[in-house]
Amino acid sequence: MRWSQAFIPTLRDDPAGAEAVSHRLLVRAGFIRQLAAGHYSMLPLGQRTRLKIENIIREEMNRIGGQEVVLPTLHPAEIWKRSGRYELMGDNLFKMVDRKGVEHVMGMTEEELFAIVASELTSYRQLPQIWYQIHTKYRDEPRPKAGLLRVREFTMKDSYTLDIDEAGLDVGFEKHRQAYLAIFRRLGLDVTPVDASSGGMGGSESVEFMVRSDAGEDWVVTCPNCDYSANLEKAVSRVADVDDGERAPSPERLATPGIRTIAALAEAHPDVASPERQLKTLVYVVDGELTLAVVRGDHDLQEQKLLDATGAAEARPAQPEEVKEALGALPGSLGAVGVSGIPIYVDEALRGRYNMVTGANEDDWHLTGVDPERDFGEFTWADLRAVAAGEPCIACGSPLEMWKGIEVGHIFKLGTKYSIAFDAYVLDEEGESHPIVMGSYGIGVERNMAAVVETHHDERGIVWPVSVAPYEVVVTVLRADEEAAAAAGEDLYRRFIEAGVEVLLDDRLERPGVKFADAELIGIPWRVTVGPRGIEAGTVEVTERATMETREVPLDEVVATVAAAVEAAR
RNA sequence: CGGGACGUGGCGCAGUUUGGUAGCGCGCAGCGUUCGGGACGCUGAGGUCGUGGGUUCAAAUCCCGCCGUCCCGACCA
């Protein structure tokens with residue numbers, strides 16, 4: 001491609017309001033333009049990179065036996081009602097009504113459709129199957145943000161494994177884990193696989209692939225010493241024992257006028273109410289039902305864990321009025337002692353504890369000597385608390401680290417929820433009918449593109465890995481108006497094409513500084529600079545974008561040299 | 001949805017407090033000089049000031065509604 005004919009609208013200034021590095025650079029470098037919040041146009045460079053990412057994914061999916069399909073993105077709402085996700089996904093689903101008054105939804109992932117297609121399978125002999133597609137997904141995100149990192153319309157590779165049993169699913173899951181690691185390696189992304197909650201999708205084992213970045217939206221907990229790693233939504237750690245002293249025979253009332261916080265109570269009664277000896281009682285509305293979540297005074301609730309424990313789709317803190325009505329007191333004096341008719345979930349870290357302090361459900365009063373096991377009515381133990389950085393690793397005891405990550409991929413075991421809902425059954429060797437066991441695996445293409453930029457840039461612009469660069473080489477012709485330089489540039493351009501290298505010829509009549517700055521901004525891995533000076537000496541300069549190291553190379557060797565370097569890095 | 005900010009030529013912004021001629025930089029077009037790190041001179045094009053209503057002799061500026069965008073919190077590839 002000749003730059004003079006290409007549409008590469010680079011900008012000198014950062015776009016207003018773009019915070020994330022990838023957002024700023026992709027817009028400035030002319031890869032993307034925003035249409036509306038969460039909807040972006042892919043300009044020529046952006047589309048080239050997007051296709052490269054797609055093709056890497058495609059190759060690795062094919063390598064594990066994946067078969068590519070394309071299913072509709074616009075679905076009868078009926079299907080989503082049948083799986084139950086019409087309700088579950090709520091406002092995140094884009095919905096519309098056609099001329100006949102029939103409701104439709106835009107696909108946000110397509111377990112339903114794949115199960116429907118899979119219902120045509122009849123025998124275990126046809127299994128396993130791995131099916132995938134790469135196309136657009138729609139999600140009515142409440143808050144699109146950070147350029148391509150969180151949008152409402154995006155390309156996803158979603159794949160599904162179909163197996164006769166759990167053992168088969170394990171194999172398909174493992175194949176995907178390996179394929180994903182290969183994909184991210186080729187994209188130049190350093191990923192950490194972490195244990196995760198499968199959230200609204202339903203399923204058991206769930207692994208997210210995280211790229212460390214401040215632009216990330218997830219907190220990841222990792223152990224520097226062993227291989228423990230988990231999303232904060234799922235992370236656990238060791239909790240040091242607490243000495244609860246002499247066991248009190250029963251709870252006793254303690255007047256606590258004006259005290260509303262853990263800290264204030266601890267200060268007023270340091271002997272009995274240090275934070276680790278208090279019970280923090282949180283009131284949530286979980287899928288419309290008032291629910292108590294009890295954690296240690298100095299621990300924080302992890303809301304996703306509450307969702308996982310209850311199997312609910314959504315949870316929000318209760319309003320003070322709701323709390324007052326249900327428990328008779330306002331936040332600051334709440335407790336689970338004597339509460340009935342309200343589901344109570346108690347954090348595992350409180351197992352075996354006693355002599356604890358909690359609110360009495362009467363403003364200005366607390367209870368001491370509380371033993372949850374003894375003094376609570378019916379309740380459920382659950383892992384509810386959020387791990388904090390520095391706590392001991394559950395596996396090896398080393399202090400845990402916590403960092404922000406971008407979720408670039410997610411694999412999880414679905415089970416039979418969708419195959420049962422859509423009648424996807426096959427017969428086994430014995431002639432017995434079984435629902436197909438499914439796995440579901442996603443990669444967000446544009447999010448990966450953004451993640452690459454987040455981790456591959458410098459103050460000059462993007463530094464694409466060769467594997468996803470829109471062009472592998474840019475031939476920068478200085479003094480393109482001078483015949484010798486222009487001819488040399490044309491000649492190199494032709495020879496690079498012949499060598500199978502993707503080359504951009506910067507034949508624009510711009511000053512050198514502009515050309516260098518643009519080439520660096522858009523991040524082409526190799527620059528071959530053709531200038532009048534070098535032409536006379538029979539040399540050109542080769543600059544590697546990543547290091548910005550430049551060396552002189554004889555004109556007749558440069559194509560072979562650079563082509564070899566490109567080939568090695570593909 | 002809750003909280004905060006913003007909306008003025010293609011891009012980045014000033015002007016709004018105190019109502020009265022719409023301005024700057026970059027970019028863009030033409031001519032000339034320049035040419036190895038975002039050149040310079042001259043000339044020129046380009047704006048319903050997000051939108052609807054209101055106040056006023058007069059609104060980018062004041063008031064009300066709506067729309068949109070960004071940032072911080074609850075969701076996900």
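Chain naming here is simple, since letters A, B, ... match the order of the sequence lines and numbering starts at 1 in each.
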Check: [N] base within 3.5 Å donor-acceptor of [X] side chain:
| X | N | result |
| --- | --- | --- |
| A/R447 | B/C76 | yes |
| A/R24 | B/G12 | no |
| A/R139 | B/A77 | yes |
| A/E217 | B/G73 | no |
| A/R527 | B/G37 | yes |
| A/D13 | B/C13 | no |

Select base, sugar-phosphate, or nothing to describe what [X] touches, counting heavy atoms under 4.0 Å on all strands.
| X | answer |
| --- | --- |
| A/V151 | base |
| A/A517 | base |
| A/E520 | base |

Position toward the 5' end of RNA chain B (nearest nucleotide), A/Q34 or A/N448: A/Q34
Interatomic distance, A/L478 CG vs B/G38 C1' [rounded to whole Å]: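 Taking CG of A/L478 and C1' of B/G38, I get 14 Å after rounding.
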A/D190 atom CG: more than 12 heavy-atom contacts under 6.0 Å: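 No, not enclosed.
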CG/A/D556: more than 12 non-hydrogen atoms of other groups inside 6.0 Å: yes
Ring-face cation of A/K305 near A/Y345 (centre distance under 6.0 Å, axis angle within 45°):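 No, A/K305 does not sit over the ring of A/Y345.
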With rounding to the closest Å, how many angstrom separate the [atom1] atoms on [N] and [M]?
| N | M | atom1 | value |
| --- | --- | --- | --- |
| B/A14 | B/C72 | C1' | 27 Å |
| B/G20 | B/A59 | C1' | 10 Å |
| B/G37 | B/G32 | C1' | 24 Å |
| B/C40 | B/C35 | C1' | 12 Å |

Check: A/T109/A/R85 side-chain N/O donor and acceptor closer than 3.5 Å: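 The answer is yes; a qualifying pair exists.
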For RNA chain B, the residues among residues 61-71 of chain A that have a non-hydrogen atom under 4.0 Å from it: none
Among B/C35, B/G36, B/A77, the nucleotide that comes nearest once only the side chain of A/D481 is considered: B/C35
